[in-house]
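Step one of this worksheet: look at the structure below.
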There are 2 protein chains.
Amino acid sequence: MSLALQDEQMSDDIGTRLKLVRQIFGLTQRELARRAGVTNGAISLIEQNRVSPSISSLKKILDGIPLSLAEFFTLNFLPSDELFFSAGELTEIAHLPEISMRLVGRRAKGRAMGMLHEVYQPGADTGEAMLRHEGEECGIVVSGCLTVTVGAQERTLYPGEAYYFRSDIPHRFRNQGAEPCVLISANSPPTF
Amino acid sequence: MSLALQDEQMSDDIGTRLKLVRQIFGLTQRELARRAGVTNGAISLIEQNRVSPSISSLKKILDGIPLSLAEFFTLNFLPSDELFFSAGELTEIAHLPEISMRLVGRRAKGRAMGMLHEVYQPGADTGEAMLRHEGEECGIVVSGCLTVTVGAQERTLYPGEAYYFRSDIPHRFRNQGAEPCVLISANSPPTF
DNA sequence: CATCCGCGTTTAGGATAATCAACAATCTGC
DNA sequence: GCAGATTGTTGATTATCCTAAACGCGGATG
């Protein structure tokens, strides 16, 4: 059975959403009501979309699961067959010839982040025209070395070293070493 | 019939949150009310936390900005300061003796994600009592192997293989191999 | 000044949601 | 088949929210 929701339901169908969440956590209306300190009738009405709960009520209910409001609204109900990925299943995102960028999983909307396995060949360069986009990004060098420029700052990172910056600051990646550089990076919200 | 406010964290302070968002978009209460099709009084009361709006009302208001409910609740207002981190500067987060977990940067609240460099010694195990927390997590095995259990599914991942799942699904990590396993993982929102 | 704006706030009353208690439907074991 | 427990639903009452209209305040303009 699939627990996936359509996009339209993701945004406004609070009732179905609550019902799904409650069932995923194996709770009855009465049990959840008891934990949350509300009545089972209220939960019934909400799940039927016969009322639109106040934030305070919804928060009380979610506290009984427990689940935050932010999580409740961002839940994307990923199908369970997309949990694990073998190396060959990472989806290649080739922007430049000398740089391999492979994303964990498919390009899924609604995810909180994207994780990439990247390989920079010697001499690879994302370009003097610095990259700039929304979000934050972070990475750790696994092997080789990578010269990272962020705004006015620049540094060459070696295995075990890392970076974390806001992606709206202009940035650039270059491999100035003699061997390929392997980098594992993450960005949130996902760029790809 | 009390006008006293409940003790609320910033994350649950809908009033302040709405006010910040509204001001960021340069709207007055009346202008936002007009676009949203509600009254300015309603917005005033909500921003003072004197009432807890219904989901339908809050959605109408956010549509006037426009902003989705999910975006509203996940909004973060925080800059990051330090850009680069040497291997020794990763902050150790030791939960278990046989597992080393080193976070990129300090434990900064408000970041979109956290990235960890983890080493699981042979036999290391996060425990049969499965982990569960908010957010999503993702990781790639760099060396060694790691057995990952997510809900009812389990798989042993080898270098280059990866996982991505919602952290509220019970999960567990074990190194059943003979050599240490190095894993680079990310979680969003950051757990540490 | 005095007047007019536009802003956020407040108040009374009608609209909406939550509670309480009862109800029907579905099991389970005897 | 029946009693008892469990689950989701429903009507009447109570509690809460939203609206409409007014209020107080400060800045701009004559």
Side-chain angles (χ1 to χ4, degrees), chain A residues 1 3 5 9 11-70 72-73 77, chain B residues 1-69 72-73 75 77:
Chain A
M1 101 178 185
L3 294 173
L5 281 179
Q9 292 177 297
S11 51
D12 31 351
D13 189 353
I14 305 300
T16 305
R17 205 170 177 78
L18 176 60
K19 186 170 188 174
L20 272 173
V21 169
R22 176 175 63 78
Q23 290 175 338
I24 285 174
F25 285 87
L27 298 171
T28 65
Q29 288 183 349
R30 282 185 148 87
E31 173 60 15
L32 177 55
R34 190 191 61 75
R35 297 192 194 190
V38 301
T39 59
N40 61 311
I43 294 180
S44 175
L45 294 172
I46 292 168
E47 290 188 355
Q48 297 171 79
N49 283 320
R50 292 184 37 190
V51 300
S52 177
S54 70
I55 296 290
S56 58
S57 298
L58 182 60
K59 180 173 192 316
K60 274 205 294 186
I61 293 170
L62 294 179
D63 283 346
I65 290 183
L67 205 68
S68 73
L69 283 164
F72 178 74
F73 285 105
F77 301 95
Chain B
M1 202 67 70
S2 165
L3 289 181
L5 298 181
Q6 305 286 346
D7 32 352
E8 290 166 329
Q9 303 283 21
M10 170 56 199
S11 56
D12 306 322
D13 187 349
I14 306 302
T16 305
R17 188 167 273 260
L18 176 60
K19 186 170 188 174
L20 273 173
V21 168
R22 176 176 62 80
Q23 292 175 337
I24 285 174
F25 284 84
L27 299 171
T28 66
Q29 289 183 347
R30 283 183 148 88
E31 173 60 16
L32 177 55
R34 192 191 60 75
R35 297 194 192 187
V38 300
T39 58
N40 60 309
I43 295 179
S44 176
L45 293 171
I46 293 168
E47 290 189 354
Q48 298 170 80
N49 284 320
R50 304 235 327 245
V51 300
S52 178
S54 70
I55 296 291
S56 59
S57 298
L58 183 60
K59 181 169 192 316
K60 273 205 295 186
I61 292 170
L62 294 179
D63 283 346
I65 290 184
L67 203 69
S68 74
L69 284 164
F72 178 74
F73 284 106
L75 258 190
F77 311 90

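In what follows, chains carry the letters A, B, and so on, assigned in the order in which the sequence lines appear, proteins first and then strands, with residues in each chain numbered from 1. Excluded from the calculations below are hydrogen atoms, water molecules and symmetry mates; all remaining heavy atoms, backbone and side chain alike, are included.
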Mind checking if Q48(A) touches a base, just sugar-phosphate, or nothing, with heavy atoms under 4.0 Å? sugar-phosphate

Checking all strands, does T28(B) fall into the base, sugar-phosphate, or nothing category for heavy-atom contacts under 4.0 angstrom? sugar-phosphate

Donor/acceptor link under 3.5 angstrom from N40(B) side chain onto base of dT9(C): yes

Within the structure, does a side-chain N or O atom of [X] lie under 4.0 Å from either OP1 or OP2 of [N]?
| X | N | result |
| --- | --- | --- |
| S54(B) | dC18(D) | yes |
| R22(B) | dC7(C) | no |
| R50(B) | dT10(C) | yes |

Q48(A) CD to I43(A) CD1 distance, which is reported to the nearest 0.5 Å: 12.0 Å

For the side chain of [X], counting heavy atoms from C-beta on, which of [options] is nearest?
| X | options | answer |
| --- | --- | --- |
| S57(B) | dA17(C), dG8(D), dC18(D) | dC18(D) |
| Q29(A) | dG8(D), dT11(C), dT19(C) | dG8(D) |
| A42(A) | dA18(C), dG8(D), dT19(D) | dA18(C) |

So do the side chains of [X] and [Y] get within less than 4.5 Å of each other, counting heavy atoms only?
| X | Y | result |
| --- | --- | --- |
| I46(B) | I55(A) | no |
| S56(A) | K60(A) | no |
| L58(A) | F73(A) | yes |
| I65(B) | L62(B) | yes |

Gap between atoms [atom1] and [atom2], on [X] and [N] respectively (whole Å):
| X | N | atom1 | atom2 | answer |
| --- | --- | --- | --- | --- |
| L32(A) | dG8(D) | CG | C1' | 13 Å |
| I55(A) | dA17(C) | CD1 | P | 13 Å |
| I43(A) | dT9(D) | CD1 | C1' | 13 Å |
| K60(A) | dA15(D) | NZ | C1' | 11 Å |
| L27(B) | dG6(C) | CG | P | 16 Å |
| I61(A) | dA17(C) | CD1 | P | 13 Å |
| L45(A) | dA12(D) | CG | C1' | 13 Å |
| N49(A) | dT10(D) | CG | C1' | 17 Å |

For E31(B) and for S56(B), locate the closest nucleotide of DNA chain C by heavy-atom distance; then report the residue assigned to the nucleotide nearer the 5' terminus. E31(B)

Both L58(B) and R30(A) contact DNA chain D. Which one's nearest nucleotide lies toward the 5' end? R30(A)

